[in-house]
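Convention: sequence-line order gives letters A, B, ...; per-chain numbering from 1. Predicted model only: the values in this text are computed from it and were never measured.
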Amino acid sequence: MKLSLNKVVNGCRLGKIKNLGKTGDRTMDIPGCLLYTKTGSAPHLTHHTLHKIHGVPAMAQLTLSSLAEHHEVLAEYKEGVGKFIGMPESLLYCSLHDPVSPCPAGYVTNKSVSVWGVGGRVEMTASKFMAIQQALQPDWFQCLSDGEATCDETTSIKRARKSVDRSLLFLDNCLKLQEESEVLQKSMIIGVIEGGDVMEERLRSARETAKRPVGGFLLDGFQGTPTTLETRLHLLSSVTAELPEHKPRLICGVSQPDEVLECIERGVDLFESFFPYQATERGCALTFSFDYQPNPEETLLQQNGTQEEVKYVDQTKKSKTTSCNQEMTSFEINLKEKKYQEDFDPLVRGCPCYCCKNHTRAYIHHLLVTNELLAGVLLMMHNFEHYFGFFQAIREALKSDRLAQLKEFIHRQAS
Amino acid sequence: MAAVASPTSLESAPRIMRVVAECSRSRARAGELRLPHGPVATPVFMPVGTQATMKGITAEQLDALGCRICLGNTYHLGLRPGPELIQKARGLHGFMNWPHNLLTDSGGFQMVSLVSLSEVTEEGVRFRSPYDGDETLLSPERSVEIQNALGSDIIMQLDDVVSSTMTGPRVEEAMYRSIRWLDRCIAAHQRPDKQNLFAIIQGGLDADLRATCLKEMTKRDVPGFAIGGLSGGESKGQFWRMVALSTSRLPKDKPRYLMGVGYATDLVVCVALGCDMFDCVFPTRTARFGSALVPTGNLQLKKKQYEKDFRPIDPECACPTCQKHSRAFLHTLLHSDNTAALHHLTVHNIAYQLRLMSAVRASIVEKRFPDFVRDFMGTMYGDPTLCPSWATEALASVGITLG
């Protein structure tokens with residue numbers, strides 16, 4: 001694996017990660033995102049519908065929380081989780097937890113970490129964890145780590161310290177076990193940076209983890225509410241400053257467009273793509289624009305539309321709680337609203353996705369009102385494509401030195 | 001058949017069916033329907049997409065499976081989103097963006113399925129909406145009006161449907177009323193050039209009533225006939241006899257649509273009895289419960305026995321699910337909350353049904369349908385002689401013996 005940077009502008013890294021995968025010939029662009037999956041499948045989507053989406057990332061994210069309990073099956077299968085789930089061509093990253101449904105806290109010990117599957121809790125020591133990874137054979141995997149320093153309202157220094165100590169111990173154990181495993185020679189361990197909200201501990205975690213032969217770094221514990229992220233951004237810059245340039249930096253739990261940009265400016269390369277999924281689950285379509293330099297006529301049309309929508313959303317935003325326990329953002333429209341009943345426009349004018357090329361807002365509205373399964377399929381197709389398009393726009397903006405413009409454009413839509 | 005005396009009946013309905021081959025023993029036929037949205041090979045199984053969607057799969061997926069006609073439902077669509085909106089969306093085809101053919105049921109079946117919410121009079125069926133308590137009257141005229149707005153290629157008359165287990169005078173009343181409602185539908189139909197109105201033979205399980213209905217309805221020169229009022233709770237013995245009676249009295253040059261039939265064995269037997277078109281929610285509904293259809297029956301993929309079964313559902317199946325996925329993966333996915341699991345099975349089960357019909361058709365064209373039937377029964381039941389007795393009798397009645 002080789003990470004080559006094209007340029008670094010105001011802390012943002014633009015580049016490529018090359019020589020990836022079992023055959024060593026795959027490439028990933030950074031900044032970029034990973035395809036979010038649930039139990040090894042993109043939500044709502046079969047291979048057929050997934051492949052109608054343009055710009056699907058080269059690497060998919062699997063979660064140990066959905067797969068750990070199936071480890072016996074995978075061990076017997078022998079050929080790795082990629083083939084098992086029907087995605088043999090995809091690069092795979094295995095995270096511990098699902099960013100959308102985080103686990104109950106309080107189950108990390110000095111010797112083990114637990115994840116929750118449909119069948120209940122799966123407790124993993126370093127050996128069990130590595131045995132599971134042997135059965136999965138992912139390209140990258142998040143190392144066993146203690147991510148609970150930020151779970152309480154007030155982070156104690158003691159707890160932050162413990163999260164760093166434990167995670168380093170797990171890392172050293174896992175690295176040792178990896179050495180002894182032939183099957184895992186082709187997989188890369190991603191070291192996890194912990195330390196809660198305590199600067200000293202964060203720096204220690206970064207420095208110590210960077211000393212180990214990890215393939216990259218996961219910045220854990222920065223997720224939470226929008227306000228908590230803001231206060232943690234300062235920590236984030238300090239952490240990434242300690243990390244080597246030539247290894248990728250992933251962050252978990254951060255997926256909203258404005259937050260993504262903040263993190264890119266602080267040296268983060270890769271993100272999870274669960275935000276489009278959350279929007280889908282609340283019957284919403286991503287409509288935010290990332291076309292920060294459109295033609296003047298379009299601007300006028302879009303602005304008029306955007307303003308109305310933003311106004312409406314501001315009024316109702318507070319009352320919208322969703323089954324995902326997440327409020328609707330101003331990056332989306334809610335297709336359940338009555339005003340879309342006779343709206344024969346596509347979700348987003350000009351969007352090249354399957355849904356926008358074939359269906360109308362009125363149809364999606366009907367599917368949602370009648371509780372039809374197809375609503376989730378079509379919204380997921382659009383939301384993923386829109387989101388992957390956003391990342392492409394980020395890369396292009398960085399290339400042409402216009403990220404500030406994109407950022408300002410996105411922020412205008414975030415309020 | 002002579003056109004009926006009524007002044008408003010169709011003088012000469014288009015012959016939309018061309019018979020391409022006939023089995024020399026049984027009544028099986030292979031044909032081609034010529035419909036406004038393209039040709040359809042028969043015998044055909046039509047998947048049911050009640051509310052302007054095939055549950056969980058896109059129009060493109062359905063097209064890729066080779067489906068060329070599917071169902072929508074007047075009762076449901078009439079309530080949500082309503083005919084006015086669908087008309088604005090350029091008909092049901094435009095609304096769901098389906099380029100091939102659509103058949104809409106009239107709302108008649110809901111009389112039975114939603115019997116507690118409905119009341120039948122000569123005027124029509126009064127339904128109480130389960131969504132907002134509002135009352136709607138579905139008359140023959142209103143049903144045709146909605147279907148005219150939907151723009152489906154085949155529309156069904158509103159019939160007075162009673163449960164197949166019903167006995168007594170209500171059955172006769174419903175049969176005669178269905179004839180009167182057929183005439184009202186024919187009179188109300190605004191688009192006979194674009195939409196084919198089918199009659200629905202009623203009469204329950206009473207041979208005399210059914211024969212009367214057949215005699216009367218075949219006087220009306222409609223483009224096709226459906227055999228209705230069956231596929232409820234009746235015994236299979238009664239069922240096949242009513243089907244056989246119906247096909248023996250229906251014109252050969254018009255399609256025979258047996259409503260609500262979808263189990264593989266039933267399809268094969270009823271093709272032998274002379275039916276051309278079928279619809280049923282079973283294959284798609286059972287998919288959403290984790291059941292995959294195979295030539296030997298079905299696989300309940302949620303069961304533990306499939307946990308480590310790394311074979312595809314059916315190694316002979318060319319559908320995307322079988323090409324890419326194992327039973328073990330589907331088992332895992334079915335135990336998660338990812339709806340993709342349901343869609344994988346829906347795709348497969350539709351592929352199974354369409355493939356079955358294709359194979360049936362090929363055997364008729366190639367003059368080996370009776371052998372096909374024997375093979376089919378052998379695969380399904382282990383031995384052709386182990387097939388259920390009603391099926392054996394039904395097949396025997398049209399000259400096919402099972403060894």
Taking atom [atom1] of [X] as the centre, report whether more than 12 heavy atoms of other residues, nucleotides or ligands fall under 6.0 Å from it.
X	atom1	value
B:Arg90	CZ	no
B:Phe109	CZ	no
B:Lys194	NZ	no
B:Tyr263	OH	no

* Asked: Where on B:Phe95 is there a heavy atom nearer than 4.5 Å to chain A: the side chain, the backbone, both, or neither?
  -> both

* Which bit of B:Ile57 comes within less than 4.5 Å of chain A, counting heavy atoms only: side chain, backbone, both or neither? -> backbone

* Structure fact -> With chain B, the option among A:Met87, A:His47, A:Glu72, A:Met380 that has the most non-hydrogen atom pairs under 4.5 Å is A:His47

Which bit of [X] comes within less than 4.5 Å of chain B, counting heavy atoms only: side chain, backbone, both or neither?
X	result
A:Tyr363	both
A:Leu45	backbone
A:Thr46	both
A:His44	both

* Asked: Nearest heavy-atom pair of B:Ser326 and A:Phe84: which atoms, and what distance?
  -> OG-CE1, 4.3 Å

* **Shortest non-hydrogen contact from B:Asn338 toward A:Lys38** => ND2-O, 3.0 Å

* Asked: Do any of residues 343-353 of chain B have a heavy atom less than 4.5 Å from a heavy atom of chain A, and if so, which, in residue order?
  -> B:His343, B:His344

* Within residues 60-76 of chain B, which positions have a heavy-atom distance to chain A below 4.5 Å? -> B:Glu60, B:Gln61, B:Ala64

* **Max heavy-atom pair count under 4.5 Å with chain A, selected residue of B:Met96, B:Met54, B:His335, B:Glu307** => B:Met96

* Among B:Gln323, B:Arg288, B:His325, which has the most heavy-atom pairs under 4.5 Å with chain A? -> B:His325

To the nearest 0.5 Å, what is the distance between [atom1] ([X]) and [atom2] ([Y])?
X	Y	atom1	atom2	result
B:Leu333	A:Ser41	CG	OG	5.0 Å
A:Ile85	B:Thr332	CD1	OG1	11.0 Å
A:Gln341	B:Arg80	CD	CZ	11.0 Å

* Asked: What pairs meet the side chain to side chain donor-acceptor pair (under 3.5 Å) rule with one or both residues in residues 83-94 of chain A, with sequence neighbours excluded?
  -> A:Glu79-A:Lys83

* Asked: Okay, side chain of B:Asn97, backbone of A:His359: is any donor-acceptor separation there less than 3.5 Å?
  -> no

Indicate every side-chain donor-acceptor pair of residues 366-379 of chain A with a distance under 3.5 Å to a residue at least two apart or in another chain.
unit_1, atom_1, unit_2, atom_2, d
A:His366, NE2, B:Gln51, O, 2.8
A:Thr370, OG1, A:His366, O, 2.7
A:Thr370, OG1, A:Leu367, O, 3.4
A:Glu372, OE2, B:Gln51, NE2, 3.0
A:Glu372, OE2, B:Lys55, NZ, 2.8

* Minimum side-chain heavy-atom gap A:Val73-B:Phe329 below 4.5 Å -> no

